[in-house]
**Q** 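My questions all concern the structure below.
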Amino acid sequence: MTAADIILRKAHTVLTMDDGGSEVTGVDIRLSGGIIAEIGTGLTGGRIVDASSCVVTPGLVNTHHHLYQTLTRAVPGGQDALLFGWLRTLYPIWARFGPEEMFTSAQIGLAELALSGCTMSSDHLYLFPNGARLDDTIAAAREVGLRFHPTRGAMSIGESAGGLPPDSLVERESAILDDCIRVIDAFHDASEGAMVRVGVAPCSPFSVSRDLMRDAALLARDKGVMLHTHLAENDEDVAYSQAQFGCRPGQYAEELGWTGDDVWHAHCVKLDIAEIDLFARSRTGVAHCPCSNCRLGSGIAPVRAMRDAGVKVGLGVDGSASNDRGNLVDEARQAMLLQRVARGADAMSAREALRIATRGGAEVLGRPDCGQIAVGKRADLALWDVRGLESAGSWDPAALLLAGPQRVRYLFVDGRPVVEDGQVVSFDLERAIDTQNRLARRLSEAV
């Protein structure tokens, strides 16, 4: 026991997400040294947080995001477009970003996630205009206090070479690989309880070469880091793969070394049965982004079939320019509802969707130390106050996704408070919002 201990006193309900899916009531939880040190009753010593009105869950895990896009929400011209048209609208705007835009947009995006119960987030940053670097988003995450899995993305095939992005946003492939090595060496922490782990993430099969995909996989495995990209997001994506590579996206990924326990792909809306089987056998993970898939009209990912086959599935909010908000509990509810629309009302329960959002995401990101409430696991916890309007009349407050709330009362990351009484306390959020709005105005005036 130390002076920094925090005791969550008499929790209303604890959804542990342990192997047995156990749920307990009226218990205390001691947070000490960044871990869950003790679960019991009558615990003493340390700061007391009254949890008697709260459902306690593991912190939610966001497995796919483009944090820089919080500066380009609801952009005219992209509001009603499909994926490729949407990208063509946004690329010229993103080309005007620099380090300040990357840092501030990451602050805002991570704070928004925190208020929705998220304690650990990945980020896929694949463009680096005007001196911007992955370092900018890592600095923002340290200030906000979330556990962070940034990935060094890249685009190398511009419009002049038959790719989708403008030439001004692509990089030389040798420079991409060199910078991947730099950021891994500078920031990646492979130890248990790590606050930052770096991944390698060429943007997509339609924006980088076959050689870069293969070389990135070799580099990542040499460095012992994970691999991430977009795959099979919509019909256009699949058609591009078949036209350019003569195969479906799953086969393309397998041929280039992009399957395995150290790989996770975003979206996977259009995986077929053979690809689902491939992912299950190879332990390849999937970041399911239901709200973005709806917003861009991409379709309903076959999550029920993936889960039944044994595929690792987590949730992602995707970029705030294709979702327009970064609320991870929204994603969990939407994931549940979409599977019910596609497969029937018994296709996915509220508890299963919440498990995907917590333990499922931790498994996708290779974090067995996170995603569940058990002694020895990291002290990443979300407390949901069920006394309010959204939960009034609920017979089962633990079914959070059916009623609510959708905003946490408390959020702890590695045992440190990030949200208290519904407010972000780790940094000056109001000042960051002012900066964000100033930068957004400047961008809109420029274009």
**Q** Quick one: do E363 and R355 make a salt bridge, cutoff under 4.0 Å?
**A** no
**Q** Just one of L315, T63, V61 clears the side-chain contact (heavy atoms from CB on, under 4.5 Å) bar with V364, so which one?
**A** T63
**Q** Under a 4.0 Å N-O cut-off, is there an ion pair linking R333 with E390?
**A** no
**Q** Check whether any side-chain heavy atom of T259 lies under 4.5 Å from a side-chain heavy atom of E254, and answer yes or no.
**A** yes
**Q** Do the non-hydrogen side-chain atoms of R147 and R367 ever get within less than 4.5 Å of each other?
**A** yes
**Q** Side chains of V317 and E112, heavy atoms from C-beta outward: is any pair under 4.5 Å?
**A** no
**Q** Check L381, L400, L383, V408 against T57 for a side-chain contact (heavy atoms from CB on, under 4.5 Å) and give me the one that passes.
**A** L400
**Q** Pairing donors with acceptors under 3.5 angstrom, does anything connect the side chains of Q107 and E143?
**A** yes
**Q** Is any side-chain N of the basic residue among K377 and D18 closer than 4.0 Å to the acidic one's carboxylate O?
**A** no
**Q** When you compare the side chains of S22 and T16, does any donor N or O come within less than 3.5 Å of an acceptor on the partner?
**A** yes
**Q** Could you tell me the separation between the CG atom of L71 and the CH2 atom of W94, rounded to the nearest 0.5 Å?
**A** 11.5 Å
**Q** For the residue pair R351 and S349, confirm or rule out a side-chain donor-acceptor distance under 3.5 Å.
**A** no
**Q** Does a side-chain heavy-atom distance below 4.5 Å link Y91 with L164?
**A** yes
**Q** Looking at side-chain heavy atoms only, is the closest gap between D318 and H267 below 4.5 Å?
**A** yes
**Q** Side-chain contact, heavy-atom cut-off 4.5 Å: V269 with N234?
**A** no
**Q** When you compare the side chain of V225 with that of R197, does any pair of heavy atoms fall below 4.5 Å?
**A** no
**Q** Do S121 and N62 get their side chains close enough for a donor-acceptor pair, meaning under 3.5 Å?
**A** yes
**Q** Would you call D189 and M195 a side-chain contact if the rule is heavy atoms closer than 4.5 Å?
**A** no
**Q** So, R304 and D308, do they make that salt bridge, N to O below 4.0 Å?
**A** yes
**Q** Could you give the distance from CD1 (I138) to NE2 (H188), rounded to the nearest 0.5 Å?
**A** 11.5 Å
**Q** For H228 and H230, does a side-chain donor sit closer than 3.5 Å to a side-chain acceptor?
**A** no
**Q** Under 3.5 Å, is there a donor on one side chain and an acceptor on the other for N130 and E101?
**A** no
**Q** Would D330 and R325 pass as an ion pair if we require N to O under 4.0 Å?
**A** yes
**Q** Within the 3.5 Å criterion, strictly below it, is a donor on S391 or S394 matched to an acceptor on the partner's side chain?
**A** no
**Q** If you round to the nearest 0.5 Å, how far is CE of M155 from CZ of F206?
**A** 9.5 Å
**Q** Indicate yes or no: does D136 engage R133 in a salt bridge with an N to O separation below 4.0 Å.
**A** no
**Q** Indicate whether any N or O donor in one side chain lies under 3.5 Å from an N or O acceptor in the other, for S209 and S156.
**A** no
**Q** In plain terms, say whether R359 and D19 are close enough for a salt bridge, that is, a side-chain N and a carboxylate O under 4.0 Å apart.
**A** yes
